[in-house]
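One structure is given below, encoded as structure tokens.
First the proteins, then the strands, lettered A, B, ... as listed; each starts at 1.
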Amino acid sequence: MPPPPASAPAEPSEQRPDHVTRTDSRRPATFLEAIAEALWEEMKQDERVFLMGEDIGIYGGAFKLTRGFLDRFGPLRVVDTPISEGGFTGAAAGAAHMGLRPVVEMQFMDFVSPAYDVLTNYIATSRYRGAGPLPMVIRGPVGGGNRGGPFHSQNVEMAFFHTPGLKIVYPSNPRDAKGLLKSAIRDQDPVIFEEHKGLYRAPALRELLPQDDYVIPLGKARTALEGEDLTIVTYGLMVHHSLAAARALAKDGVRAEVLDLRTLLPLDEDAIAKSVKKTGKLLIVHEDTRTGGIAGEIAMRMNERAFEWLDGPILRVTAIDSPVPFSGPLEDYFLPSTDDVVAASRYLVQY
Amino acid sequence: MATEPSAASAGAEPGFSAATAEDILYHAFQARFLVQAVRKLARSNDVPDDCASFEIDPRTIVMAQAMRARQDGTGDACAPGRLSAGPALPFGATPLEFVRCLGGRRTNLASARGGPSWTDLRCGLFGWHGPPGVITQVVAGVALAFKQRSEKRAALVFEDWRAAETGAWHEAMSFAAAAAVPLVAVLAGDRSGRNGELGKHAPGLARIAANYGARTVTVGSESYQQIYREMREARAEVVSGRGPLLAGLIAASDDPWDRHEEHAADLVQASGIGPDRLRALERAAWAGVEHAAIRLQQEPNPRPTDALAPVTEDAGPLPPWTRHDAPNPGVRHSEPQGTSPEGWDWDAAASC
């Protein structure tokens with residue numbers, strides 16, 4: 001990965017919006033603040049990096065992630081776009097051709113659909129066609145549990161998962177979010193960066209982040225909890241449900257290993273296989289709907305890589321196959337819960 | 001070939017030099033011979049069947065000539081449009097590379113994995129074609145980069161008229177207008193016999209442009225000098241920061257060359273190019289196209305394993321094993337040699 005240009009001198013902290021100063025002032029950062037810090041730092045040290053998206057400039061973004069950015073970086077680097085997701089995503093590709101590093105924000109990742117054509121037909125294929133690399137990031141909030149309804153609550157990873165040429169990143173905590181986003185911005189290929197909105201301001205996730213300019217490599221999973229009785233492979237918000245389930249299981253003497261994928265494409269098969277060969281049992285948990293979810297792909301790959309090591313069927317805990325309901329009780333039923341993970345884990349362990 | 005206007009010749013418009021006239025005439029000769037060569041190659045199946053109706057509109061050469069093309073990555077940008085060599089020629093495309101694109105030879109960029117879609121950043125060329133409307137999005141982004149860097153460069157994109165029916169194209173124009181990027185977007189006439197509709201749509205062009213606060217230029221049957229002047233003015237306007245401009249390329253008849261001899265004669269007279277020089281241009285153009293047609297038939301097709309190119313920077317060559325999985329997962333009947341697909345034992349794998 002090419003190193004960024006030398007850092008600019010640090011500006012006085014009063015010129016920065018408060019939410020990007022957590023780490024420098026040794027305060028814990030939320031998931032959203034970690035992402036904002038990553039963007040700020042990358043924009044400061046690499047003038048090629050710029051942002052595009054709806055309402056990110058004057059308004060500061062729908063989730064106020066980019067407030068203050070326009071004042072610091074100006075309208076050419078914080079570009080307020082019209083409601084034309086396809087148009088500005090394609091434009092980001094053109095800018096990337098010319099050596100810039102655009103970070104495109106989808107106000108909600110549900111709105112990425114108009115950009116599907118340019119993303120899959122043009123952007124993803126650029127390197128393979130010989131048109132050159134397109135270093136760009138498409139990032140935005142995903143996920144349900146906020147009563148956002150069908151148009152503001154989806155997980156979109158599988159729409160792009162089978163498109164060769166893209167990378168898909170889905171962090172679960174502030175530290176990973178910051179390090180992975182920096183890696184994504186510095187990567188030479190287009191990266192879809194999904195941020196579960198339920199994690200944005202979750203108080204329990206606040207953590208002190210490293211002060212150095214750290215990156216976390218794409219394509220590498222993280223063992224969130226070590227165990228020996230079964231492997232739970234998961235990502236995003238479901239990592240926290242899985243950890244809660246593991247704590248509940250531990251009371252019964254069951255030690256579950258929780259593997260946080262962090263990057264969905266390329267998938268860290270080696271890490272999954274290594275864990276499965278250790279525990280012999282595999283449960284995959286994702287918030288995405290069941291049919292066509294990544295659990296199917298992981299199960300098949302482990303069938304190919306580690307069949308002889310399995311001591312039971314590969315199971316999955318997912319959302320149901322429906323659009324995301326708006327009503328609270330319906331949405332709660334739609335989404336996988338900690339109890340679902342516990343129940344599936346107990347079944348597997350006893351198999 | 002010089003692309004900068006130098007001292008004007010007697011009778012020529014200001015800024016329209018003998019060198020510019022020569023460039024236009026040379027590329028027009030190239031285009032004419034290329035049309036003949038490609039149609040012949042289609043009959044011999046050296047290029048796809050649909051190239052049998054391959055055509056180039058010489059006016060697109062003039063339009064592209066009016067931009068500032070460079071071959072060192074510092075010039076204007078151009079997306080020539082579907083299977084359209086016309087605008088690409090003034091931007092440094094060669095007949096040989098063009099027919100390699102069409103013919104899908106291994107010598108083509110990326111072993112023809114991309115089909116007739118050639119991007120060359122040194123020349124400022126972006127794709128020969130892509131999904132309708134999408135290439136306008138991309139070129140709007142190229143223009144955005146020019147603006148961000150305060151470079152006095154413009155981007156020119158050609159699309160078929162039907163692109164204006166797509167949401168993708170309108171989103172591109174919406175963005176280009178909002179960001180006031182230096183983009184000249186051309187909607188070119190449909191060559192499949194819909195000229196009558198183009199006449200009806202010409203007023204539509206102005207209405208579309210008005211939606212985006214853009215001025216329009218209509219290129220019809222005027223002289224090449226006039227087309228050149230209008231495009232130079234269009235370029236200057238978009239580079240000045242006024243925002244994108246929409247140009248309509250309206251066909252007066254089914255044959256894009258029917259006024260060419262007349263316009264070329266005007267050029268020759270206005271620029272003072274002598275008959276010997278004109279013949280030399282024609283011979284040089286013919287030599288390049290003939291060379292390309294002969295070379296194409298000698299060049300190899302891609303190897304099957306050229307399909308296994310990496311899709312991302314750190315991916316490495318693709319493994320071919322997806323079609324050759326042994327029945328027992330975890331055990332392979334033959335292993336690839338190192339990481340190179342060249343060592344894959346196709347015969348052994350096929351016997352699994």
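Only the side chain of A:Val79 comes within contact range of chain B, with at least one heavy atom under 4.5 Å from a heavy atom of that chain. Using a 4.5 Å cut-off between heavy atoms, B:Ala307 touches chain A through backbone and side chain atoms alike. With a 4.5 angstrom heavy-atom cutoff, B:Ala309 touches chain A via backbone and side-chain atoms both. For A:Tyr128, the parts lying near chain B are the backbone and the side chain together; criterion is any non-hydrogen pair under 4.5 Å.
Every ring-ring contact (aromatic ring centres under 6.0 Å, His included) that A:Phe108 has, sequence neighbours left out, goes to A:Phe63, A:Phe111, A:His152. With sequence neighbours excluded, the residues forming a ring-ring contact (aromatic ring centres under 6.0 Å, His included) with A:Tyr235 are A:Tyr170, listed by chain and number.
Interface summary for chain A: among B:Val139, B:Asp120, B:Asp314, the most heavy-atom pairs under 4.5 angstrom belong to B:Asp314. The candidate from A:Gly86, A:Gly130, A:Ala115, A:Pro114 with the greatest count of non-hydrogen atom pairs under 4.5 Å with chain B is A:Gly86. Heavy-atom pairs under 4.5 Å with chain A were tallied for B:Gly167, B:Ala178, B:Ser174; the largest tally goes to B:Ser174. Chain B forms more heavy-atom pairs under 4.5 Å with one residue of A:Leu166, A:Thr81, A:Asp117 than with any other, namely A:Asp117.
Cation-pi check for A:Arg77 over A:Phe69 is not met; the charged atom does not lie both under 6.0 angstrom from the ring centroid and within 45 degrees of its normal.
Considering every non-hydrogen atom in both B:Ala214 and B:Leu246, the closest pair reads CB-N, 4.5 Å.
Atom CD in A:Glu105 sits 8.5 Å away from atom CZ in A:Phe88 (nearest 0.5 Å).
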Practice prompt. Walk me through it: do A:Arg301 and A:Glu304 pass the test salt bridge (Lys or Arg N to Asp or Glu O under 4.0 Å)?
Written response: CA-CA 5 Å; A:Arg301 292 201 195 187; A:Glu304 292 165 349; over 6 Å; no
